[in-house]
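The structure appears right after this line, and notes come after that.
Residue indices begin at 1 and follow the sequence shown. Just so it is clear, the model here is predicted, and its values are computed rather than measured.
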Amino acid sequence: MAAATSNMHVAIAKPLTFASREAVSKSSIAVVCNGNRDASWMKLKSSSHISSTQAISQNVIISNCVKFNRMVTKAMSQSNDPNPLPGLPVDLRGKRAFIAGIADDNGYGWAIAKSLAAAGAEILVGTWVPALNIFETSLRRGKFDESRVLPDGSLMEITKVYPLDAVFDSPEDVPEDVVAESVKEDFGTIDILVHSLANGPEVSKHLLETSRYGYLAAISASSYSYVSLLKHFVPIMNPGGASISLTYIASERIIPGYGGGMSSAKAALESDTKVLAFEAGRKHRIRVNTISAGPLRSRAAKAIGFIDMMIDYSSENAPLQKELSAEEVGNAAAFLASPLASAITGTVLYVDNGLNAMGVGVDSPVFKDLNIPRDNQS
C-alpha cells in the first residue's frame with residue numbers, strides 16, 4: 001500500500017527508456033496540482049534514455065542514462081518468429097504490455113511484468129512519481145539485475161518508463177489521456193494493460209472512523225483510476241487484447257485492519273470489472289479480468305502493518321499450506337493475457353492458495369478435536 005501524499009497531484013511524463021540499444025527521444029512533462037480547480041499545466045522539454053553503451057547523469061525529471069554492467073538480452077520475439085514453441089505454451093511474442101504501478105522489484109506489478117516478458121511480451125511501465133527516483137536509481141545501479149533474470153537466463157528489458165501518479169482529489173482530474181497519448185506517439189498500439197495501483201491514505205482507520213476525504217481518495221486511486229486508465233488506453237489497444245487489475249478478498253470478506261474505504265474500493269473494482277468487460281468487449285473486443293491475489297510480503301503491503309499475520313493466517317488455513325509467491329500471480333496474469341484465455345472475461349480469478357474458499361479459520365481452538373487434514377510436508 002503506497003503512503004498517501006498530503007497534496008493530491010498528477011505528474012505524467014513522456015518516457016524514460018531502458019534498452020540495450022541507444023534510442024534518444026524528445027519528451028515533455030505535464031504536472032497537475034489540485035490545490036485549486038484551475039490548476040495549470042507546465043511543459044518542460046527534455047531528452048532521456050537509458051542505454052547499455054552510454055551513461056549520462058541527469059536529474060529525476062530529465063532522467064538518467066545509465067550503463068548496465070552486463071548484457072541485456074531482449075526477452076521478446078517478433079510476431080513473425082518462424083519457430084513455434086512446443087506444446088501448449090503461453091506465447092506473447094510480438095505483444096506489447098503497459099503495466100501501471102510498478103515502484104520496486106518485489107510486488108505483484110513487477111512479477112506480472114516478468115511473467116509477461118518471459119512469455120515474449122515487450123514491457124512498458126508506469127511508475128509512481130514519488131518512487132521514480134529510487135526506482136530509476138536502483139535500475140541504474142543494477143540492484144534489480146538479480147530479480148530481472150528470466151527463466152532462459154536473459155534479463156527482463158523494460159523498454160520505457162512513464163512517470164504516472166494515480167492519487168487525485170477528484171475523479172475528473174485523472175489525465176490518463178496524457179500517458180496514453182505518449183504511448184500512442186511512441187509505439188502506436190499495445191495489446192495488454194495491467195493496473196497495479198492502490199492507495200488509501202486512511203487504510204489504518206476503521207471504516208466508522210474514515211473521513212469522506214479518505215474514503216473517496218481510496219476509491220479514486222484504487223478503483224476509478226482503473227476505469228480512467230482503460231478508458232484512455234482502450235482506443236490504442238489491438239482487438240483481442242486483455243486488461244488485468246489486482247483486487248483483494250477484503251472486497252467480499254471482513255479483513256480487520258484493511259480499512260479507510262479500501263475494502264469498498266476493491267468491491268467497486270470487481271464490480272467495475274464486469275461492466276468494463278461488457279463495454280470494452282462489445283466495443284473493442286478487449287477482455288477485462290481481475291486477479292484476487294493472496295497476501296504478499298511486499299514493501300507496499302508492509303505499510304499496512306499486519307501483512308505477516310495475514311501470511312501466517314493464510315498458511316494455516318488455506319487448502320494449500322504454503323506461502324504465496326509473486327511469481328504465481330504473475331504467471332496467472334500471463335495466462336489471462338494470452339490467447340489461451342481468449343474466452344475469459346469479466347472474471348475474478350483467485351490466486352490465493354484457495355483461501356477464498358474457506359468459511360472458517362481451521363486454526364481456531366474450537367476445532368482442536370477435529371481431524372483437520374494438514375500438509376505433512378509443511
Side-chain angles (χ1 to χ4, degrees), residues 1-9 34 100-101 103-104 106-109 128 130-131 165-171 173-174 195-228 245-273 290-318 323-324 326 329 348 350-353 355-361 363-364:
M1 184 65 60
T5 55
S6 58
N7 294 320
M8 298 303 176
H9 66 281
N34 289 328
D104 54 46
N106 74 343
Y108 284 136
W128 190 46
D165 200 329
V167 182
F168 309 101
D169 276 335
S170 57
D173 290 331
V174 183
H195 178 277
S196 181
L197 296 164
N199 187 67
E202 298 180 12
V203 65
S204 61
K205 291 184 178 181
H206 296 302
L207 188 57
L208 283 173
E209 299 170 355
T210 301
S211 68
R212 181 184 298 272
Y213 161 79
Y215 187 92
L216 293 179
I219 293 287
S220 176
S222 308
S223 56
Y224 182 79
S225 62
Y226 182 46
V227 176
S228 184
S245 64
L246 291 168
T247 185
Y248 184 47
I249 198 172
S251 64
E252 54 185 291
R253 301 283 192 272
I254 299 169
I255 305 293
Y258 194 73
M262 282 303 301
S263 58
S264 305
K266 293 302 185 181
L269 181 66
E270 293 180 15
S271 178
D272 291 342
T273 294
T290 188
I291 294 175
S292 183
L296 177 72
R297 196 175 282 107
S298 64
R299 292 186 184 91
K302 289 177 182 177
I304 302 176
F306 64 99
I307 188 62
D308 290 334
M309 289 186 290
M310 292 306 301
I311 290 174
D312 291 342
Y313 178 85
S314 178
S315 297
E316 286 296 321
N317 294 286
E323 187 169 332
L324 182 71
V329 173
V348 178
Y350 296 94
V351 185
D352 62 357
N353 288 323
L355 185 63
N356 70 92
M358 300 302 298
V360 296
D363 61 346
S364 171

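Counting only distance, with no hydrogens or angles, the side chain of T273 and the backbone of L269 share a donor-acceptor pair below 3.5 Å. A donor-acceptor pair under 3.5 Å links the side-chain atoms of S251 to the main chain of Y248, judged by distance alone. A donor-acceptor pair is defined here as one N or O able to donate and one able to accept, closer than 3.5 Å; such a pair exists between the side chain of T210 and the backbone of H206. A donor-acceptor distance shorter than 3.5 angstrom exists from the side chain of N317 to the backbone of D363, with no hydrogens or angles considered. Put simply, the side chain of N353 never gets that close to the backbone of L355: no donor and acceptor are under 3.5 Å apart. Between the side chain of S223 and the main chain of I219, a donor-acceptor pair closer than 3.5 Å is present. A donor-acceptor pair under 3.5 Å is absent between the side-chain atoms of S245 and the main chain of T290, judged by distance alone. No donor-acceptor pair closer than 3.5 Å links the side chain of S271 to the backbone N or O of A267. Without hydrogens or angle criteria, S222 side chain to A218 main chain gives a donor-acceptor distance under 3.5 Å.
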**OP:** Please lay out, stage by stage, how S264 and Y215 fare under the test side-chain contact (heavy atoms from CB on, under 4.5 Å).
**Re:** CA-CA 8 Å; S264 305; Y215 187 92; 3.3 Å; yes
Show, in sequence, the C-alpha distance, side-chain angles and deciding distance for N199 and M262, and conclude whether the side-chain contact (heavy atoms from CB on, under 4.5 Å) test is met. CA-CA 8 Å; N199 187 67; M262 282 303 301; over 6 Å; no
*Decide yes or no on side-chain hydrogen bond (donor to acceptor under 3.5 Å, both in side chains) for S211 and E202, but give the supporting numbers first.*
CA-CA 8 Å; S211 68; E202 298 180 12; 2.5 Å; yes
task = Using the side-chain contact (heavy atoms from CB on, under 4.5 Å) rule, take L246 and V329 through it: C-alpha gap first, then chi angles, then the decisive distance, then the call.
result = CA-CA 10 Å; L246 291 168; V329 173; 4.1 Å; yes
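Y226 and H195 have tilted rings, their planes meeting at an angle from 30° to 60° on a 0 to 90° scale.
When all heavy atoms of V348 and S292 are compared, the pair lying nearest together is CG1-CB, 3.8 Å. The nearest pair of heavy atoms linking N106 to D104 is OD1-OD1, 2.8 Å. Closest of all the heavy-atom pairs between D272 and V227 is OD2-CG2, 3.7 Å. Residues G261 and L207 come closest through the heavy atom pair N-CD1, 4.0 Å. Annotation for A293 and Y108: closest pair CB-CE1, 3.5 Å, computed over non-hydrogen atoms.
Of the inter-residue distances, the one linking I249 atom CD1 with M310 atom CE reads 8.5 Å to the nearest 0.5 angstrom. With values rounded to the nearest 0.5 angstrom, S220 atom OG is found 9.5 Å from Y213 atom OH. A distance of 8.0 Å separates CD of E323 from CG of D312, quoted to the nearest 0.5 Å.
Side-chain contact check for F306 versus I255: some heavy-atom pair is nearer than 4.5 Å. For the pair P295 and Y313, the minimum side-chain heavy-atom distance is 4.5 Å or more.
Between the side chains of E270 and T247, at least one donor N or O lies within less than 3.5 Å of an accepting N or O.
Salt-bridge annotation for K266 and E252: absent, with no side-chain N of the basic residue lying under 4.0 Å from a carboxylate O of the acidic one.
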